[in-house]
Amino acid sequence: MFELLKTDTTSLARLGRLTTTHGVVETPVFMPVGTQASVKALDPRELDECGTQIILGNTYHLHIRPGMDTIKQAGGLHRFMNWTKPILTDSGGFQVFSLAKIRKIKAHGVEFRSHLDGSLLFLGPKESMEIQRVLGSDIAMVFDDCPPHTATAREVRAAVERTIRWAGECREQPSADGQLVFGIVQGGAHAALREECAKAITALKFDGYAIGGVSVGEPEPEMMSAVEYAVPHLPEDQPRYAMGLGTPAQLVELVARGVDMFDCVLPTRVARNGTAFTRRGAVSAKGGMFKADFRPIEEGCECFACQRFTRAYLRHLLNVNEILGLRMVSVHNSFFFAKVMSDMRAHLQAGTFGEFRREFIATYVPTSRVLAQRKGAKPVDETRGEE
Ligand SMILES: [Zn+2]
């Protein structure tokens with residue numbers, strides 16, 4: 001199921017291959033998020049061309065709309081959205097704890113009101129696994145309790161205990177034919193809780209392990225330590241997945257810490273604000289400095305958008321709200337994330353990951369500058385003269 005092909009000598013980075021019902025996934029891998037059975041603004045052909053190997057679907061959202069009757073009649077999520085490659089579905093736990101209003105945590109799940117129409121719903125290990133069985137994802141995630149970054153140590157402990165108990169209940173549920181099931185390690189920024197949770201979850205023998213409770217508003221150093229606390233307690237020969245992460249620089253640093261799989265809304269979400277990723281950091285493609293710039297978003301980029309369109313044209317499209325503009329920035333960003341991952345795989349294969357990591361981190365613009373730029377500060381020269 002998972003083959004560990006090579007390990008880096010300068011870090012914990014690994015090259016691997018995960019075999020699923022709908023095909024092979026080369027790791028490290030980035031999974032674009034298809035919340036509502038669609039990766040926003042991109043069709044399956046474009047995703048393919050961007051080098052996408054696997055996408056993520058959301059149990060909570062699909063359960064609410066269109067509902068499992070429709071998915072069942074369609075013959076599963078792959079057929080419904082006509083995506084033939086692997087799909088990973090989350091368990092809905094994160095959405096129940098973050099989106100749903102008025103929730104009551106019970107022994108076997110959570111009672112909550114739909115964020116949409118207020119109807120009373122219940123999601124627990126049994127329900128989540130059943131929905132993921134109908135969706136027919138290649139990888140199902142266990143139903144966990146994901147506390148916010150502001151949770152007290154006591155609340156995190158309760159979440160860990162619940163997560164372990166619910167993981168056991170998920171283990172007892174049947175899964176779809178060939179469906180892999182991943183366990184989730186919680187424990188916040190507490191080393192002892194991460195270790196305790198990892199040991200209990202791995203004892204349940206899942207097909208892979210995720211580090212959850214990251215990307216919940218914590219500062220970056222805390223996120224890195226959460227991963228560092230969990231990784232040593234996860235089996236070498238199974239895939240590791242950091243949920244909801246991250247920026248391009250974080251992906252490189254997390255691969256160096258031994259993580260194989262990632263998902264994040266970042267490339268497509270910021271594309272819709274006109275933000276494009278480059279090796280020198282994120283740039284606003286709406287900016288005035290692109291007005292008469294007839295180069296592609298990133299010179300040398302082989303994506304469809306960079307092969308055909310200039311910065312000046314894309315800037316114009318974004319500023320007059322033409323759909324093509326945000327679609328093309330989404331194409332570029334999705335290609336960019338896939339390319340960063342395939343570059344990491346190539347360097348792991350060649351034994352040069354250490355050099356790649358140093359060079360990438362040295363070149364990529366620090367987030368604080370990117371944030372300042374997004375807030376409307378005058379674009380700094382580096383983003384203009386980067387090529
Ligand atoms: Zn491009």
Side-chain angles (χ1 to χ4, degrees), residues 26 28-34 38-55 85 246-252 262-347 356 359-361 363-365 367 369-370 373-374 379-380 382-387:
E26 307 288 346
V29 65
F30 179 81
M31 305 181 280
V33 179
S38 162
V39 175
K40 282 204 194 322
L42 300 176
D43 69 37
R45 180 181 50 89
E46 288 167 326
L47 284 170
D48 242 345
E49 287 174 7
C50 287
T52 307
Q53 302 187 69
I54 172 171
I55 61 168
K85 289 182 180 178
T247 66
Q250 286 170 351
L251 296 180
V252 173
F262 306 90
D263 79 283
C264 191
V265 296
L266 196 60
T268 42
R269 180 176 289 170
V270 303
R272 300 195 299 281
N273 306 324
T275 300
F277 287 96
T278 76
R279 291 290 162 131
R280 305 276 175 122
V283 292
S284 170
K286 283 180 167 177
M289 77 277 195
F290 281 4
K291 193 170 167 57
D293 191 336
F294 297 98
R295 295 175 296 175
I297 296 175
E298 184 155 50
E299 281 173 316
C301 176
E302 289 173 346
C303 86
F304 181 88
C306 288
Q307 290 298 301
R308 281 161 184 80
F309 303 119
T310 63
R311 295 173 173 187
Y313 179 61
L314 292 174
R315 170 184 179 265
H316 161 72
L317 293 180
L318 291 165
N319 283 324
V320 297
N321 294 320
E322 278 294 340
I323 293 166
L324 183 62
L326 60 90
R327 273 191 48 221
M328 287 303 107
V329 181
S330 298
V331 163
H332 169 79
N333 284 353
S334 301
F335 185 95
F336 179 88
F337 271 62
K339 183 71 169 66
V340 170
M341 305 313 287
S342 72
D343 282 356
M344 283 198 266
R345 293 196 300 272
H347 282 281
F356 170 83
E359 162 103 27
F360 190 96
I361 299 302
T363 313
Y364 198 83
V365 176
T367 316
R369 193 178 298 173
V370 175
Q373 281 175 273
R374 272 193 219 145
V380 289
E382 286 84 358
T383 58
R384 174 88 206 257
E386 65 209 19
E387 278 120 0

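All values reported here derive from a predicted model rather than from experimental measurement. Positions are given from 1, in the same order as the sequence printed here. Atoms within a ligand are numbered from 1 in the order they appear, just like the ligands themselves. Side chains are part of it too, since the values below use all heavy atoms of this structure and drop only hydrogens, waters and symmetry mates.
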> Closest approach of I297 and R311, non-hydrogen atoms and distance?
Replying inline: O-NH2, 2.9 Å
Atom pair [atom1] ([X]) and [atom2] ([Y]), whose distance is rounded to the nearest 0.5 Å:
X: K339; Y: S334; atom1: NZ; atom2: OG; answer: 15.0 Å
X: T310; Y: R315; atom1: OG1; atom2: CZ; answer: 11.0 Å
X: M341; Y: F262; atom1: CE; atom2: CZ; answer: 5.0 Å

> Excluding sequence neighbours, so at least two apart, what forms ring pair (Phe, Tyr, Trp, His ring centres under 6.0 Å) with F309?
Replying inline: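 Expected list: Y313.
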> the Zn ion (ligand 1): which protein N, O or S atoms are under 2.8 Å away?
Replying inline: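 Result, waters dropped: C301 SG, C303 SG, C306 SG, H332 ND1.
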>> Is the shortest side-chain heavy-atom distance between L42 and T268 below 4.5 Å?
In response: yes
